[in-house]
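Quick note on labels: first sequence line is chain A, next is B, and so on, each numbered from 1.
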There are 2 protein chains.
Amino acid sequence: MTGIDDVARAAGVSAATVSRALSGRGRISDATRARVRAAAADLGYVVSAAASALATGRAANIGVVVPLLDRWFFANVLDGIASRLTPRGYDMTLYSMSMDRAQRDGVLDVSLRRGRVDGLIVLSLTLADDEVDRLLALDLPVVGLGSTNRRLPALRIDDVAVARLATEHLLALGHRRIAHLGAGYPGDPGLDIPSLRRHGFDAAMADAGIRDSRFVATDFTIDGGYRAARALLREAEPPTAIFAASDELAFGALFAARDEGRDVPRDLSVIGVDGHEMSDFFGLTTIAQFPHEQGERAADAVLAAVDGRTELGELSFRLVERTSTSAPHGGLAEKSGAPAP
Amino acid sequence: MTGIDDVARAAGVSAATVSRALSGRGRISDATRARVRAAAADLGYVVSAAASALATGRAANIGVVVPLLDRWFFANVLDGIASRLTPRGYDMTLYSMSMDRAQRDGVLDVSLRRGRVDGLIVLSLTLADDEVDRLLALDLPVVGLGSTNRRLPALRIDDVAVARLATEHLLALGHRRIAHLGAGYPGDPGLDIPSLRRHGFDAAMADAGIRDSRFVATDFTIDGGYRAARALLREAEPPTAIFAASDELAFGALFAARDEGRDVPRDLSVIGVDGHEMSDFFGLTTIAQFPHEQGERAADAVLAAVDGRTELGELSFRLVERTSTSAPHGGLAEKSGAPAP
DNA sequence: CTGAAAGCGCTTACAG
DNA sequence: CTGAAAGCGCTTACAG
């Protein structure tokens, strides 16, 4: 590998000068800088990550803690993060926090303590309290995204408002028997995303004077949504509308409706959350959020944090109406307000 | 940060001994090793990645070059890779090769030359010839996966056989008017995956004595499949079956059939390639491959390559029949061989 | 503006 | 089996 001394020799200067010319730090004459850069480009020299990291204490690398790596939402966030990190010379190292206890411990107690990263973006939804402690003890700038825990500095969406918006959309259409598909974590303080969405749902229903709302906890997968919705549709008095806490859950509900012979939206309205790339094909009404942009903002935020600045804030969302929601079939009597279309 | 000297002091030995005790390299007494490890655990000491990399020349990190980061297939491969790397103490750094020329150059000429990784897994489908040159010039162990270029050592699936299997499935059902949805790269040597699949398709059709097969090039997305299939279905003599080169293309074809009022499989049979997590819900017949397992094998292969060993080989695939394929409607006359079911 | 030299935190021949 | 010391390839006060 060609090293800094090779470049110094080629440019007729010292290694110190090469370092200054390439990093842009310290004073150096324009002529020298140009000569050194030309020599470096010529030799295809690139500063060694390890040596530079050791000397400066900066790794030029951001760690991203991800939950399972295989969900659509996270793939898009990652792409957004990469798009902002690369141009600024940062690499991105992934740390997968699976369900396996030993694995999680390894990430928290070993991998992340190797000093390989300057900052962390945490995408993991479900961190135990002691895991948050250990994350914070790393003493690394951290930015949570979609984070469940209030103790983590994070970029957040107003999940209560998201759920309210979705529920009120259904209520405005005239639905009264509305079921919510989400998740429930035992022993949770109730401030995680699924809980917040459930709160928003409950609040909207309460405001509408409806007491008997249904909630079903399942996992955030198509299959989870499928099983939960299928069970609901087989009840004596099935809901006329489902508010699913994610688009993937909603897809499952759509497939369930199909397999139970229900027409959407005539027999069942379905609304999701995410703005999944496939939601348009399903005609799914959803509360869209923007994962790619969220990734970009998270990247900017960690980089700011690495420089000692704070750059957090709220993330945006938007109702996207499509064909999976309408007034309940034969339910005009239930509908207060606007006349049927 | 607690360093090696802190541990040495705590254990009453030298830094050299601590290093040996923790790395497992070099001879050391069991008692000393145990004492040192206890002290390290006690202090929460973890070897600095930068210092260790600089001293040994090994980064304990594998780079993964990915195309866009937002396709289902790659997300699963990544998960598979991570599952094998982490337990062996390796981290995984992602390098996104987008469509942007400057970005790709940055990855090849700068990021990957920083010495941050010991080996590379290349998932990128479309590398130009000079990009492969530069990749090879890195002088790093490389393992391609789903790789387009024959000059890259890679784990491969027999794409010609995959396409043959899919096409022959359709032929065996009695289809004659079969269209293939794939991709075409201009100026390509014809050994990339889409081309190989097309070759397999052509060969199977030729063997069946069919000369007028249709091929449509589009991009490997749901939307690409949707647009291509929709156009096909509007032709005067639409195909009775579509072989899509990926499940996402196939999903698009399924949505197109729906929007054109065609029943699947009565009016149109559709077969894909991948075994996408949603294919089951769509009832999509497909040639399944196993991305998670492929990721695991790729990880094992780079790690072997880092140690100077070669561990490549062929990847497996399997026909999974579901409800999107059947004999063509009213097409029994066309069917040669077995009687109708 | 530029160079010599110390130092970043480990690892590993080399001695013993 | 263990320690002292050189060295990995940079960066950055410190002089000049």
Side-chain angles (χ1 to χ4, degrees), chain A residues 1-37 39-40 43-61 89 91 110-118 139, chain B residues 1-37 39-40 43-61 89 91 110-118 139:
Chain A
M1 230 44 245
T2 116
I4 198 170
D5 288 326
D6 300 309
V7 180
R9 210 168 301 123
V13 296
S14 71
T17 298
V18 172
S19 178
R20 284 191 277 256
L22 262 26
S23 70
R25 284 184 291 264
R27 6 220 82 261
I28 191 172
S29 77
D30 288 346
T32 307
R33 183 188 298 111
R35 193 148 37 87
V36 171
R37 294 204 170 169
L43 298 170
Y45 170 75
V46 173
V47 171
S48 148
S52 178
L54 186 57
T56 62
R58 287 206 172 195
N61 192 24
D91 290 339
V110 183
S111 305
L112 292 179
R113 307 195 62 172
R114 278 198 271 248
R116 206 194 284 284
V117 302
D118 299 319
D139 204 33
Chain B
M1 230 45 245
T2 116
I4 199 171
D5 289 326
D6 299 311
V7 180
R9 211 168 302 124
V13 296
S14 71
T17 299
V18 172
S19 178
R20 285 190 276 256
L22 262 26
S23 70
R25 283 184 292 263
R27 8 219 80 261
I28 191 173
S29 77
D30 289 347
T32 307
R33 183 188 298 112
R35 192 147 39 86
V36 171
R37 294 205 168 167
L43 297 170
Y45 169 75
V46 173
V47 171
S48 149
S52 179
L54 186 56
T56 61
R58 289 207 169 194
N61 192 24
D91 289 339
V110 183
S111 305
L112 292 179
R113 309 194 59 171
R114 278 199 269 248
R116 205 194 284 284
V117 302
D118 298 320
D139 203 33

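In this entry the distance linking CZ of B/R9 with P of C/dG9 reads 12 Å, nearest Å. Atom CG of A/D6 is separated from atom P of D/dG9 by 10 Å (rounded to the nearest Å). One interatomic measurement links the two molecules: CZ of A/R114 to P of C/dT11, which rounds to 12 Å at whole-angstrom precision. Between the C1' atom of C/dC14 and the CZ atom of B/R27 lies a distance of 16 Å, rounded to the nearest Å. Residue B/R58 contributes atom CZ, which lies 15 Å from atom C1' of C/dT12 at whole-angstrom precision. For the pair A/D30 CG and C/dT2 C1', the interatomic distance rounds to 15 Å; values are reported in whole Å. At whole-Å resolution of the value, CG in A/L54 and P in C/dC8 are 9 Å apart.
Minimum interatomic distance between A/T17 and A/T32 (heavy atoms only, all atoms of both residues): CG2-CG2, 3.6 Å. Residue B/A59 comes nearest to B/A53 through the heavy atom pair CA-CB, 4.0 Å, listed as atom of the first residue, atom of the second, then distance. Taking all atoms of both residues into account, the shortest heavy-atom contact from A/V46 to B/R114 is CG1-CG, 3.6 Å. Listed here is the closest heavy atom pair of A/V7 and A/A40: CG1-N, 4.0 Å.
Residues A/A50 and B/R20 each lie close to DNA chain D; by heavy-atom proximity, the contact nearer the 5' end of the strand is made by B/R20. If you find the closest nucleotide of DNA chain D to B/A16 and to A/S52, the one lying nearer the 5' end belongs to B/A16.
Taking atom C1' in both D/dT12 and D/dG16, one finds a spacing of 16 Å when rounded to whole Å.
In the set C/dT12, D/dT11, D/dC8, the nucleotide with an atom closest to the side chain of A/A15 is D/dT11. Here C/dA4 is the nucleotide among C/dC10, D/dG9, C/dA4 with the atom lying nearest to any side-chain atom of A/S14. Across C/dT2, C/dC10, D/dC10, the shortest atom-to-atom separation from the side chain of A/I28 is found for C/dT2. Candidate nucleotides D/dG9, C/dT11, D/dT12 were compared by shortest atom distance to the side chain of A/R25, and D/dT12 ranks first. For B/V47, the side-chain atoms get nearest to C/dT11 when compared with the rest of C/dT11, C/dT2, D/dT11. For B/T17, the listed nucleotide lying nearest its side chain is D/dG3; candidates were C/dG3, D/dG3, C/dG7. Looking at the side chain of B/Y45, the nearest of the listed nucleotides C/dT2, C/dC10, C/dT11 is C/dC10.
Going from atom CG of A/N61 over to atom CG of B/D91 covers 8.5 Å, rounded to the nearest 0.5 Å.
In a base pair of the Watson-Crick type (N1 to N3 plus N6-O4 or O6-N4) or a G-U wobble (N1-O2 and O6-N3), with each distance short of 3.5 Å, D/dA4 is matched with no nucleotide.
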